[in-house]
Amino acid sequence: MPDSKSAYGTAAASDTDFRRTWDRSEYEAKAKKEQDERRDDAKARYEAKLEGKKWYKPVDFSSLEATSARGSRLDVASMVGKSTLVPAGAGVGKRGKGAGFYCEACDLTYKDNVQYIEHLNSKQHLVNTGQSGEVKRATLQDVHERLEMLKARKRQQEEEDKRLGEVDIQARIQKAEEIDAAEREEKRRKRNEKRRKGGDGIKKEDQWEGRLGIIA
Amino acid sequence: MAHQADARRALDERGYTGALIRGDNPLKLFEKAVRDRIVDSYYWKEQCFGLNAATLLDRAVELTFIGGTYGVAQKPTPFLCLAFKLLQLTPDREIIEFYLQQGGEEFKYLRALAAFYVRLAWEKDEEVYSTLEPLLSDYRKLKRRTRESWQITYVDQFVDDLLTKSRVCATTLPKINPRLFLEDENRLEPRVSALGEELEELDHDDEERVNGQSDESDEGQMNGHVDGNGLADSQPDHRSDDSMDGD
């Protein structure tokens, strides 16, 4: 497949020009660099171990950027109830991608969203993402601008709501009542159908099916 | 001049260096139990990390109720967490005044938050009274979360609680001299109530009624508004304290 020879001769196949091509030399250089770095780190770690010390990767503290607050909520509920295929060791330990919340920068997995958020706030993660854990102090000017921005956003929201939704409280109450009545009708209909189909004897057992053993 | 994204350093008992309030770590204004609940809460960890005085506005405008801790597990409200963050940041006076005035015009919970901070952090009693008393004419409604349920309150009711009660929103407020004491010391002008003229009129009516008829029901009503000896009520009304319970 990598050879672009067609069955009819040595001319390059032109019907696969839409496929992506990769610059091999660039990726080769990248791989070599990473390999060299890893080798140097391993050597330093080994030497420190011989002396009985632990080696830490040197961090350039002056090049770290200031931290800022999160812009959006953390996405913790999107994968609930879904099934994914994971490698065999997924349930064990923190290192590497496993089942749970995965942090790419540090290559760690957390089973709990609380542990995950604590990790995102930790020094280890901040350094790995190039942040310093210090926040820039805000001046009165910054506060002023921020307030203006929030006010503008609030106005926009109000206008959107006005355009799209019903603002009048009475109309909304009426709509909610209609929806409730419709739901009740549906339920009543379903109940009547069920009653017509199944007899009375089965009903009692159904109540307890699956419920035994709950107390245990 | 940057401050930390997290409160870990500030909460550490060993060697706190930073702004002091009443000679101590500002975070100590909240009790240890409340401090622990706040720092362990998900809201604090997710949304109060890395805030500064400007980005705190984002969170403050999303507030929909005030309150201290609620529930069996004493869960802190977002209001309390943001107040704790303000104590950690200790913003400048002008920023707090900005929150109170311009910010508060548009967003009432921001005003409540700033008022809470003023009452906790500012040390000079006169400044606290003179900054918070104009808010007593703000009649907007606030939602308040008590330990087991909800209550409706008003901005001016909340500010009055701050000035008169000893425990508000799960915190014991620092001691403040009563207004009469400050007036006696000439540190403050005597209180001019916004209802000033109306109360005077009620006084006149009251005296006329007493002199004219002995109509029991009317007197009962009048005495409900005015102090017994006929002076305009310049003291905070302690009668309403009994009906407000919970922190």
Side-chain angles (χ1 to χ4, degrees), chain A residues 61-78 101 103 110 112-159 169, chain B residues 1-11 18-19 39-64 78 81-82 85-86 88-111 113-114:
Chain A
F61 285 106
S62 56
S63 75
L64 296 174
E65 291 178 359
T67 310
S68 58
R70 260 172 213 104
S72 54
R73 300 294 302 270
L74 226 57
D75 175 31
V76 296
S78 62
F101 302 101
C103 172
Y110 292 93
D112 191 4
N113 70 329
V114 180
Q115 288 181 3
Y116 182 51
I117 194 99
E118 282 183 354
H119 165 74
L120 293 180
N121 293 349
S122 69
K123 198 73 180 170
Q124 173 189 26
H125 180 81
L126 291 176
V127 167
N128 282 338
T129 41
Q131 295 178 51
S132 67
E134 288 195 354
V135 185
K136 194 172 80 75
R137 218 177 173 90
T139 58
L140 187 60
Q141 187 60 29
D142 295 339
V143 175
H144 198 97
E145 285 169 15
R146 197 87 192 182
L147 188 73
E148 294 304 316
M149 190 265 284
L150 290 167
K151 276 201 223 180
R153 204 202 289 174
K154 188 177 165 195
R155 301 261 176 282
Q156 256 186 4
Q157 271 294 87
E158 284 177 356
E159 294 214 3
I169 190 92
Chain B
M1 261 295 280
H3 45 242
Q4 298 294 319
D6 203 1
R8 263 189 291 242
R9 270 261 190 91
L11 284 169
V39 171
D40 292 336
S41 73
Y42 194 68
Y43 183 83
W44 173 265
K45 288 180 183 161
E46 190 194 11
Q47 305 212 40
C48 296
F49 181 78
L51 289 182
N52 64 7
T55 42
L56 192 136
L57 280 177
D58 293 7
R59 307 286 188 253
V61 306
E62 288 166 8
L63 282 176
T64 53
C81 295
L82 287 181
K85 192 70 188 180
L86 270 181
Q88 185 211 329
L89 299 179
T90 45
D92 300 328
R93 184 189 211 83
E94 45 187 20
I95 293 184
I96 294 294
E97 284 176 356
F98 181 83
Y99 282 1
L100 264 183
Q101 309 309 334
Q102 281 94 309
E105 281 298 315
E106 181 81 25
F107 303 104
K108 53 191 179 183
Y109 289 100
L110 177 61
R111 183 166 271 183
L113 184 68

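With hydrogens and angles disregarded, a donor-acceptor distance shorter than 3.5 Å links the side chain of B:Asn52 to the backbone of A:Lys136.
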* To do: Please report the C-alpha distance between B:Thr55 and A:Arg146 in whole Å, then the side-chain angles of each, then the deciding distance to 0.1 Å, and finally whether the side chain to side chain contact (heavy atoms under 4.5 Å, CB included) criterion is met.
  => CA-CA 7 Å; B:Thr55 42; A:Arg146 197 87 192 182; 4.0 Å; yes
* To do: Go through the steps to decide whether A:Val114 and B:Lys45 satisfy the test side chain to side chain contact (heavy atoms under 4.5 Å, CB included), and finish with yes or no.
  => CA-CA 8 Å; A:Val114 180; B:Lys45 288 180 183 161; 3.7 Å; yes
* To do: Mind running salt bridge (Lys or Arg N to Asp or Glu O under 4.0 Å) on A:Arg155 and B:Glu106 for me, showing each step along the way?
  => CA-CA 11 Å; A:Arg155 301 261 176 282; B:Glu106 181 81 25; 3.2 Å; yes
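Within the 4.5 angstrom heavy-atom criterion, no atom of A:Ser132 approaches chain B. Of the atoms belonging to B:Leu89, it is backbone heavy atoms, and not side-chain ones, that fall under 4.5 Å from chain A. Proximity to chain B involves both the backbone and the side chain of A:Leu147, based on heavy atoms less than 4.5 angstrom apart. With a 4.5 Å cut-off on non-hydrogen atoms, A:Glu118 touches chain B through its side chain but not through its backbone.
A pairwise comparison of heavy atoms in B:Arg59 and A:Ala69 identifies NH2-CB, 4.1 Å as the closest pair. In this structure, A:Ala138 and B:Ala54 approach most closely via the heavy-atom pair CB-N, 3.6 Å. Contact record, B:Leu51 with A:Val135: O-CG1, 4.1 Å, taken as the closest heavy-atom pair.
For the atom pair CG of B:Asp58 and CZ of A:Arg153, the computed distance is 6.0 Å after rounding to the nearest 0.5 Å. Between B:Phe107 atom CZ and A:Lys154 atom NZ the span is 5.0 Å, to the nearest 0.5 Å. Expressed to the nearest 0.5 Å, how far CD of A:Glu148 lies from CD of B:Gln102 amounts to 9.0 Å. Atoms NE2 and CG, from A:His144 and B:Leu57 in turn, are 11.0 Å apart once rounded to the nearest 0.5 Å. How far CZ of B:Arg93 is from CG of A:Leu140: 13.5 Å, rounded to the nearest 0.5 Å.
The number of heavy atoms from other shown groups lying within 6.0 Å of CD (B:Glu62) is above 12.
Residues B:Arg9 and A:Glu134 are not paired through a salt bridge, judged by the lack of any N-O separation under 4.0 Å between the basic side chain and the carboxylate. A salt bridge is defined here as a Lys NZ or Arg NE, NH1 or NH2 lying under 4.0 Å from an Asp or Glu carboxylate O, and A:Arg70 with B:Glu46 fails to meet this definition.
Interface check for chain A: of the options B:Pro91, B:Cys48, B:Gly50, the most heavy-atom pairs under 4.5 Å are formed by B:Gly50.
Looking only at side-chain heavy atoms (C-beta outward), A:Leu120 and B:Phe49 stay at 4.5 Å or farther from each other. Within the 4.5 Å cutoff, the side chain of A:Asn121 has no heavy atoms near those of the B:Trp44 side chain.
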